[in-house]
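Throughout, protein chains are lettered first and strands after them, A, B, ... in sequence-line order, and every chain is numbered starting at 1. Below, each value reflects all heavy atoms present in this structure, side chains not excepted, and no hydrogens, waters or symmetry copies.
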Amino acid sequence: MAETILVVVEQREGKLNRVSLETLVGAQALAKQNGWQVEAVLLGSAAQLDEPAKEIAAAAVAKVTKLESDALAAYTPDGFVAALKAFLAVSEPKLVLLPHTYQIRDFAPKLAASLGSVLVSDSTGARFENGKLLFTRQMFQGKFSADVSLAGDGPHFASFQAGSYRADSLEAGSAPVETVAAAVGEIRTKPEAPFQEAKAAVDLTQAEIIISVGRGIKEQKNIPLAQALADALGGEIAASRPICDAGWLPMERQVGSSGQTVSPKLYLALGISGAIQHIVGMKGSKHIIAINKDAEAPIFEVADVAVVGNLFDIVPALTEEVKKARG
Amino acid sequence: MATTATAPQKKIVGGNFLIEETNPRDVFTPEDFNEQHQLIEQTAEEFSQQEILPNADRIEHKDFAFSRELLKKAADLGLTSVDIPEEYGGAEMDKVSSAIIADHIAKQGSFAVTFSAHVGIGTLPIVWFGTDAQKKKYLPLLASGEWVGAYALSESSSGSDAMNARAKAVLSPDGKHYVLNGEKMWITNAGFADLFVIFAKVDGEKFTAFLVERTFPGFSVGAEEHKLGIRGSSTCPLILNDCQVPVENVLGEIGKGATIAFNILNVGRFKLGAAAVGGARTCLANSIKWAKERKAFGKPIADFGMVREMLADIAIGIYAGESLVYRTVGMMDAATADIEKGSPDESKLIRKAIEEYAVECSIIKVWASEMFDKVVDNQVQIYGGYGFVEEYPAERAYRDSRVNRIFEGTNEINRLIITGWLLKRAMSGQLPLLPAIKKLMDEVMAGPSFAEEDERKLATQRKALENAKKIGLMVSGAASQKYMQQIADHQEVMGAIADIVIEVYAMDSVLARTLKLIESQGEAASATAVAITDVYFSEATSRVEAAAKKILADVAEGDMLRTQMTILRRLTKAEPVNVIAAREKVAARVLDAGKYAF
Amino acid sequence: MKILVCMKQVPQKDAPLKLNESATWVREDVGYEINEPDAYALEAALQLKEKNGGEVVAISAGPARAQTVLREALAKGADRAIHLEDDKFVTLDAFNIARAMAAAIKDEAFDLVLTGLQSDDYGYAQTGVLLAELLGWAHATIIMQVEAKDGGIRVKRELESGYFQHVEMPLPAVLTIQSGIGKLRYATLIGIKQAKNKPLRKVSYDEVAASLRPNQLTIEKLYVPKKTKQTEVIQGTPSEVAKKLVAKLRDELRVI
């Protein structure tokens with residue numbers, strides 16, 4: 001019989017998260033390489049699992065299992081580990097793949113360890129090479145990549161970083177859905193309901209999203225255009241030096257050699273030419289999107305995405321589109 | 001890179017480097033930092049990076065309230081009280097720690113000056129010369145940063161010649177106060193300091209130090225000076241108008257003010273050297289970053305040979321500066337190691353031990369301030385047009401550096417001190433300079449010898465150093481013979497002799513450090529240090545030769561001059577070193593590390 | 001509260017790292033520092049001690065050089081330290097490091113074990129959770145706040161997308177601490193002086209070897225990732241550009 005790859009699918013309040021789908025894609029790719037089969041398991045209360053299980057059942061997997069218990073409605077490491085451990089004893093997969101979310105990293109090492117196994121956390125890919133299963137993961141904060149292998153008979157565990165596979169290439173199919181009453185033992189932690197916090201005073205160095213404006217914004221009265229986009233994206237507004245020197249935005253929002261050095265997930269540069277003194281303050285950003293009407297602007301050298309065009313046309317359209325996407 | 005090697009224990013005589021061959025094992029180097037030193041370095045460095053540098057502009061705009069706050073924060077960590085005994089609220093540690101702090105606090109010129117005026121010249125006089133009551137009253141306040149200290153020696157008509165002070169002190173009729181009249185000038189921290197060590201002449205004759213609180217009647221502070229550099233530090237005149245100072249606030253003895261002034265300056269000088277090294281390290285980090293980012297002709301300017309040469313020169317200056325500074329404080333620590341903690345004359349013994357190295361302190365002051373000026377100049381050049389505008393750090397560093405050649409005794413005064421001190425010690429027999437000169441002359445007259453080849457590591461450099469020492473002895477002897485007791489009147493000759501002595505101490509320190517490094521880490525790991533040593537020796541030898549020629553041409557003529565020039569040529573004969581390749585090695589290393597990393 | 005803080009020594013953030021000859025790890029001739037998340041774990045422990053009293057003990061596994069990390073912890077206020085000293089500890093996988101630490105503290109009764117949420121070198125983010133499993137204690141990860149409550153603790157966990165959650169649990173427990181939970185303190189000069197005389201217990205590899213198992217995770221090859229930064233040009237009418245950008249923000253960057 002073919003070996004099984006089990007994917008632990010994560011749902012929150014009845015909604016699948018994207019990394020789980022990506023992990024399924026990864027599992028499908030590996031399975032195809034070796035003629036293995038993919039199964040999926042979801043944990044939660046009955047009410048939470050119906051919809052996501054249906055969704056997963058429409059993918060090319062051999063089986064979907066709903067591991068149900070009211071005690072699993074709120075995530076706890078004790079509950080999830082106990083339920084999965086019991087389930088793994090029965091299903092005996094060769095490989096367990098998980099999305100590398102905050103929830104997974106909270107319990108997956110414990111689950112693996114409880115079975116005497118080791119988890120390869122935060123992988124960005126996996127492949128069979130000469131019969132050996134190799135996982136790729138970053139080390140030294142991305143300065144190096146490593147190919148790592150796991151010894152022993154398994155089950156082997158690995159979690160995948162968001163973006164390792166493309167969710168839209170999930171192969172469709174039709175799978176049976178089984179329901180298993182989860183075995184949940186003692187739960188020692190008492191979780192309360194998740195909450196959000198009010199935004200604190202501006203600290204650009206901590207911002208995830210920065211919308212930054214340069215001379216291309218032309219006049220102070222155009223600043224709200226950028227502000228609207230920042231609001232729609234839930235980001236902070238920032239600027240290059242000339243804008244702050246002119247007093248259009250406060251100095252604390254200046255990015256560059258004489259201002260803040262930032263490294264957000266997204267740096268959206270609007271009408272910024274990219275003088276070196278600005279670049280040094282933002283080039284560490286994970287993703288840089290630059291909109292500038294000058295195709296030769298140096299900002300494009302550090303940009304991941306370049307849009308050559310008039311920001312006064314593009315920004316309002318983009319703001320609308322973002323609002324639509326956010327619903 | 002620091003090793004766990006124990007610090008050298010041997011007690012060295014001041015000025016000894018000129019006479020004897022140095023054993024590297026007797027020399028303290030940054031590689032000998034122990035765990036405590038490393039942690040102090042880390043605290044000082046982190047404090048500078050996180051508290052000082054991000055607020056550089058605020059400091060520069062004379063936000064003195066903020067500078068005081070920063071001092072207080074530094075004090076909370078113990079950074080201001082390393083020279084203060086524990087019983088008076090200090091952190092009390094060795095002089096290596098003291099230098100490490102001066103070195104790593106010096107990231108921003110203005111605050112570095114504020115800091116060192118408070119910690120050094122503002123506080124140390126009380127540590128060393130204060131009565132127990134004075135120490136109890138003032139040191140805890142200064143150690144905690146609650147109060148800020150300042151030091152007032154200069155006047156408008158007396159700077160380097162401090163003993164010509166006009167400020168006067170007269171005992172009040174009831175014998176309870178001295179009444180001070182006069183003015184003081186260029187007083188660092190004056191704008192916000194709480195306690196001043198002020199020098200005045202009792203009855204117009206006896207030069208004496210007083211502890212003057214800001215609130216004493218008759219004391220006032222004039223307007224801020226508008227300065228070329230260190231603009232974020234406070235510099236004002238003081239006005240003493242019937243200023244009433246209680247008699248118990250006389251510091252040290254009446255008429256013994258000069259002893260205080262000179263002793264304090266020794267410490268001020270080695271700390272200035274440490275601060276210059278720290279400033280240079282910051283310049284190097286900035287310059288490297290800039291050179292990698294700034295593009296010309298389609299590539300980073302860090303790829304260009306002449307830019308790399310400048311980067312290498314900065315790194316070489318730092319390496320040599322560290323070698324000089326930490327060697328000297330290491331000698332101080334070895335000399336004071338046996339002094340009993342808490343003994344009544346502890347302070348006095350420490351002060352005496354440090355005074356032994358007065359000439360080394362002066363050398364450090366001159367050498368490091370001139371090194372730093374070259375570094376800031378190179379930095380401006382690397383920044384190009386951006387180096388000339390205020391928005392970038394190069395311009396400010398360029399201005400800030402300049403004062404180092406002026407305060408703590410101008411470099412001219414310090415050169416006179418160096419040569420004068422050595423000649424005085426030679427005359428008194430404390431330093432066997434005269435026998436050494438005689439031995440050299442005998443050797444020279446005997447003609448060239450074919451000594452066995454030196455097979456030790458860096459033999460060429462050892463030889464060059466030995467010859468530089470000989471040149472120093474030769475020209476000192478020749479100049480003394482010519483001018484006898486009047487030599488002090490020939491300042492140019494005194495200065496040129498000092499130039500040689502300074503280079504000898506620098507070469508000696510660089511070589512000792514590199515040899516020690518080779519011994520502890522092997523040759524492969526010391527390759528950059530060897531390259532640095534090569535470049536430094538090549539340049540220093542030329543400077544020594546030039547100074548010697550200048551002296552000889554003045555003190556000898558005819559056959560005598562020709563003979564001496566023959567000897568000089570023999571002593572300076574050497575194959576040229578490939579300094580281009582050596583500098584390239586240094587540049588490649590620092591560019592790879594992104595900072596000074598040895 | 002008796003607190004153990006696990007601290008790792010890692011290469012300095014700005015160190016120019018080079019691969020070793022077998023390309024399985026980096027060359028050792030670089031500067032080292034405390035793994036930053038662990039520095040925050042220490043800070044959290046010191047704050048807990050200031051509030052509730054008790055003892056803070058720092059533990060580290062690594063070569064002789066790792067002692068620097070422990071001295072720093074002592075200088076900052078830890079009461080004593082445990083050093084599992086051997087070059088071999090560097091090559092252990094996370095499970096074995098957890099086993100070694102669990103063995104080293106088997107005779108002690110800690111209330112709380114804190115670790116940083118992950119290391120800056122391997123980045124496994126597992127040691128704390130594994131320790132919890134080995135010790136049989138409750139745990140929680142990515143913690144922003146800890147307070148004592150009714151004999152146990154109440155912690156604030158960071159969740160994704162700007163959400164947080166409070167969790168209560170009994171002691172003993174293991175927490176992994178998020179970076180940036182407060183300003184890190186400096187080592188004061190007095191602290192540095194005192195650190196010299198604080199107890200530092202050394203544990204040899206042999207003392208814990210019986211608890212270890214063969215490494216299951218092997219680094220086959222370490223390499224510099226291929227540079228993938230190529231500027232993608234997006235063209236079209238403003239509304240086309242806006243649609244393409246939003247697709248990107250949603251599907252690739254996941255910021256929407």
Side-chain angles (χ1 to χ4, degrees), chain A residues 18 77-78 101-102 105-107 109-110 113-114 117-122 134 138-152 162-163 188-197 208-209 233 265-266 287 289 300 303-309 313-314 317-318 320-322 325-326, chain C residues 11 17 19 26 93-95 120-126 129-130 132-134 138-142 158-160 162-170 214-225 229 231-235 238-239 241-243 245-246 248-256:
Chain A
R18 178 176 300 271
D78 284 345
T101 62
Y102 276 24
R105 47 190 285 180
D106 193 61
F107 77 84
K110 180 177 162 78
S114 73
S117 288
V118 163
L119 161 82
V120 181
S121 52
D122 210 10
L134 291 180
Q138 294 171 329
M139 291 205 178
F140 293 98
Q141 303 191 305
K143 280 182 211 149
F144 292 106
S145 289
D147 288 346
V148 303
S149 63
L150 288 171
R188 292 168 292 185
T189 57
K190 288 195 209 81
E192 297 170 22
F195 62 94
Q196 266 182 314
E197 279 178 350
E208 289 263 312
I209 298 175
L233 280 167
K265 206 165 169 186
L266 169 64
H287 291 273
I289 299 179
F300 289 135
D304 300 277
V305 176
V307 180
V308 181
D313 297 333
I314 296 166
L318 182 56
E320 279 318 302
E321 205 61 39
V322 170
R326 292 224 136 168
Chain C
L17 298 173
L19 294 172
V26 293
D93 65 23
F95 202 174
D120 287 346
D121 52 1
Y122 288 103
Y124 290 142
Q126 296 194 42
V129 182
L130 292 168
E133 173 64 16
L134 289 168
H139 80 271
T141 56
I142 320 183
E158 184 184 314
L159 305 177
E160 282 141 331
Y163 279 87
F164 301 92
Q165 177 183 38
H166 285 111
V167 181
E168 282 181 34
M169 66 185 78
N215 269 349
Q216 290 185 51
L217 190 148
T218 308
I219 298 175
E220 303 278 346
K221 196 177 82 171
L222 201 61
Y223 50 95
V224 179
K229 187 150 204 169
T231 306
E232 179 190 343
V233 180
I234 290 187
Q235 288 170 319
S239 75
V241 167
K243 284 200 174 67
L245 283 177
V246 165
K248 207 163 213 5
L249 296 175
R250 189 186 52 220
D251 301 338
E252 288 178 36
L253 275 67
R254 271 179 270 289
V255 293
I256 300 182

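- To the nearest 0.5 Å, the span separating CZ on A:Phe107 from CD on C:Glu133 amounts to 13.0 Å.
- A distance-only check finds a donor-acceptor pair linking the side chain of C:Gln126 to the backbone of A:Leu119 [under 3.5 Å].
- Here the closest non-hydrogen pair linking C:Arg254 and A:Lys265 is O-NZ, 4.1 Å.
- A donor-acceptor pair under 3.5 Å links the side-chain atoms of A:Ser121 to the main chain of C:Tyr124, judged by distance alone.
- Proximity of C:Lys243 to A:Glu321: side-chain heavy atoms (C-beta onward) are separated by under 4.5 Å at one or more points.
- Judged by distance alone, with hydrogens and angles left aside, the side-chain atoms of C:Gln165 form a donor-acceptor pair with the main-chain N or O of A:Glu192 at under 3.5 Å.
- Neither the backbone nor the side chain of C:Leu134 comes within contact range of chain A, judged by heavy atoms closer than 4.5 Å.
- Ring-plane geometry between C:His166 and A:Phe195 is classed as parallel, the angle between the planes falling under 30 degrees on a 0 to 90 degree scale with a further cut at 60.
- Of all the heavy atoms in C:Leu222 and A:Ala146, the pair that sits closest is CD1-CB, 3.5 Å.
- Counting heavy atoms from C-beta outward, A:Asp106 and C:Val129 have side chains that stay 4.5 Å or more apart.
- Contacts of A:Phe144 with chain C are made by both backbone and side-chain atoms, with heavy-atom separations under 4.5 Å.
- Only the side chain of C:Asp93 comes within contact range of chain A, with heavy atoms under 4.5 Å apart.
- Contacts of C:Gln235 with chain A are absent, with no heavy-atom separation under 4.5 Å from either backbone or side chain.
- Looking only at heavy-atom pairs under 4.5 Å with chain A, the residue among C:Gly123, C:Ser239, C:Ala94, C:Ala132 that has the most is C:Gly123.
- Ranked by heavy-atom pairs shorter than 4.5 Å toward chain C, the options A:Ser149, A:Ala325, A:Ala113, A:Ala317 are led by A:Ser149.
- In terms of heavy-atom proximity, A:Arg105 sits nearest to C:Ile142 at NE-CD1, 3.8 Å.
- In this structure, chain A has a heavy atom under 4.5 Å from the side chain of C:Phe95, while its backbone stays farther away.
- Contacts between A:Glu320 and chain C at a heavy-atom distance below 4.5 Å are absent for every atom of the residue.
- Between C:Leu217 and A:Val120, some side-chain heavy-atom pair lies under the 4.5 Å cut-off.
- The candidate with the highest count of non-hydrogen atom pairs below 4.5 Å against chain C, out of A:Ile289, A:Val308, A:Leu150, is A:Leu150.
- Contact tally against chain C (heavy-atom pairs below 4.5 Å) for A:Leu134, A:Thr101, A:Leu233: the top residue is A:Thr101.
- Among C:Leu130, C:Val233, C:Leu253, C:Ile219, the residue making the largest number of heavy-atom pairs under 4.5 Å with chain A is C:Leu253.
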